[in-house]
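Worksheet: one structure, shown below.
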Amino acid sequence: MDWDEFAEWGAQISECAAEYHKTLTERPVRAQTNLGEIAAQLSSTPPEAPEGMAQILDDFERIVMPGITHWQHPRFFAYFPANAAPPSMLADFLVTTIAAQCMLWQTSPAATEIEGVMIDWLRQAMGLPDGFTGVIEDSASSATLSAVLTMRERATGFTGNREGLNAKGNLRIYCSDQVHSSIDRACWVAGIGQDNLAKLPTTGRHFAMDTKALEDAIEADTAAGHQPAGIIAVTGATGVGASDMLVNVLDVAKRHDLYTHLDAAWAGSAMICPEYHSAFWQGVDGFDSIVFNPHKWMGAQFDCSVQFLRDAQPQLDTLKIEPEYLKTSGSPVTNYSEWTIPLGRRFRALKIWFLIRAYGLGGLRARIRNHVTWAEEVCAAIRAMDGFEIVTNPILSIFSFRCPGDDARQQRLVDALNDDGRIYLTQGMHEGRKVIRFQVGQFDTTRDHVMMAADVIAEVHAAVA
Ligand SMILES: *Cc1c(COP(=O)(O)O)cnc(C)c1O
């Protein structure tokens, strides 16, 4: 393909992309294909001879599209959102065009410098104090792994990387029983082990970690000769939005000199609205590490996860490695690959720059506020439905409910709704019972899309009951 042909196909794909988004509500939200149906349509061997782009794109429409679940559908209420606002998509197209590796300052100075400024824009937008720095990573899972490795190294006097963990005894990490599975996996991979991740019960309206239980666990572990290494708090957990009381967690961490990491992967985006700070963000400035995903609620095309650091040095002491071929001469510069696990990195800051400039913080805040309001409204509508029960009230824009009947009934309703295709919901477990989760957060959703969900739920429930 020469570059003139590229331009022609590129123009055609842009048009298809706009058309796709404009007509998205006509498609079922969740893919309606059966297992293996897509793979069966592909040739089982790679072609020897070149094929034309027209044929390839035809096959994209014919084979691929039916097997896609539409995350940008305005009636996507499942999981958490993965928004891709159009300006961020354009930015990512430019990033793909340049295709630079942004591991060192000198491998693309603009990428490093814009990343530094974007981290600082977001720091200000989210009310974090001056002095926090940070880095953009692929996912919250990676940022949490970096933080857990830092906890490990700090607790072992920065000897774990060199000596291994064989003689280090039991390092212990603490969190609530609401945390995301990425916390468990970070502990597996960091050599801490699942059995050394203590999951504490929660209390109160926001299902916050019981910090008395936290204190007791740390004291018991210390008495038993184990070594507490860190605490992981959560704001807006995946199940039903559980959010810890950050001040109380920090009190305990300070008393025991523990490194702290906050997982705000989803809810962090809402913290650009100052009115949510009193309930969710008090004390956040005391955390050593904070992760949030602009690629979820905020609108930056996946992948884009921000890790803020109160002091970057412990993480650099944990992850920095500098072979000769990566050394840069001249004055000291920021090389973001030293802050994270992967070496190669995309120019992810560009989509944040485009996104914030195209909407302004005001435009981004307005969406989040609408989502929270509409979640409350649709929650009230479901509460009023015969036999339906709200299990957890809205925490920001997530709540959970049950229809009449046992756990099997809940799953049957979820499956029937997703087969129907007008909306998409997923299930969860809360306090031993299956619940149906509902979150509002898609970038283009409107009040009508959200309220229509209550009617669809009532109708489909009546049909399967
Ligand atoms: C989505 C989510 C994660 C995982 O995020 P990735 O970027 O996919 O790794 C972790 N924690 C919470 C609370 C989340 O919502």
Side-chain angles (χ1 to χ4, degrees), residues 69 71 76-84 88 92 122 126 134-149 173 175-190 197 199 202 206-209 230-244 246 249 260-271 276 280-281 284 287 289-308 340-342 345-346 348 351-352 368 371-372 375 392 394-400 426-430 437-442:
T69 292
W71 284 71
F76 182 102
F77 306 114
Y79 306 100
F80 277 142
N83 287 324
S88 80
D92 234 19
L122 290 168
M126 297 170 73
V135 60
I136 305 179
E137 307 188 33
D138 58 350
S139 65
S141 303
S142 299
T144 293
L145 177 55
S146 302
V148 167
L149 291 168
I173 290 181
C175 62
S176 89
D177 59 14
Q178 295 290 309
V179 296
H180 187 264
S181 54
S182 56
I183 313 300
D184 301 65
R185 281 213 288 208
C187 290
W188 300 355
V189 175
L197 176 63
K199 291 194 178 174
T202 60
H206 284 169
F207 311 100
M209 192 192 313
I231 307 175
I232 299 175
V234 62
T235 299
T238 320
V240 297
S243 297
D244 292 328
L246 305 184
V249 172
T260 49
H261 173 64
L262 175 62
D263 178 2
W266 163 67
S269 294
M271 298 306 136
Y276 302 131
F280 295 99
W281 219 223
V284 68
F287 274 77
S289 163
I290 301 160
V291 65
F292 102 97
N293 286 349
H295 73 224
K296 278 186 172 158
W297 205 354
M298 189 174 274
Q301 153 105 347
F302 189 86
D303 50 9
C304 187
S305 182
V306 167
Q307 186 188 15
F308 291 111
T340 58
I341 298 161
R345 45 205 321 279
R346 287 162 48 76
R348 298 192 183 93
K351 53 196 169 193
I352 297 184
I368 301 234
H371 296 163
V372 171
T392 60
I395 295 181
L396 295 167
S397 69
I398 186 172
F399 64 94
S400 66
T426 42
Q427 74 286 346
M429 285 300 273
H430 184 70
R437 293 168 78 258
F438 196 119
Q439 68 76 27
V440 181
Q442 204 284 322

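Side chains included, hydrogens not; waters and symmetry mates left out as well; all remaining heavy atoms used. Both counts, for ligands and for their atoms, begin at 1 and track the order of listing.
Within the 4.5 Å cutoff, side-chain heavy atoms of S400 are placed close to those of T392. With contacts defined as side-chain heavy-atom distances shorter than 4.5 Å, the pair I173/V148 qualifies.
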Can you list every pair where an N/O of ligand 1 is under 3.5 Å from an N/O on the protein?
unit_1   : atom_1 : unit_2 : atom_2 : d
ligand 1 : 7 (O)  : A140   : N      : 2.7
ligand 1 : 7 (O)  : N293   : ND2    : 2.9
ligand 1 : 9 (O)  : A140   : N      : 3.3
ligand 1 : 9 (O)  : S141   : N      : 2.8
ligand 1 : 9 (O)  : S141   : OG     : 2.5
ligand 1 : 11 (N) : D263   : OD1    : 3.3
ligand 1 : 11 (N) : D263   : OD2    : 2.6
ligand 1 : 15 (O) : K296   : NZ     : 2.8

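Distance check: I183 CD1 to D263 CG gives 4.5 Å after rounding to the nearest 0.5 Å. One finds the CZ atom of F302 at 8.5 Å from the CZ atom of R348 (value rounded to the nearest 0.5 Å).
Below 30°, between 30° and 60°, or above 60°: for H430 and F207 the angle between ring planes is above 60°, a perpendicular geometry.
Remark: of the listed residues L246, I232, I231, V234, I231 is the sole one forming a side-chain contact (heavy atoms from CB on, under 4.5 Å) with M209.
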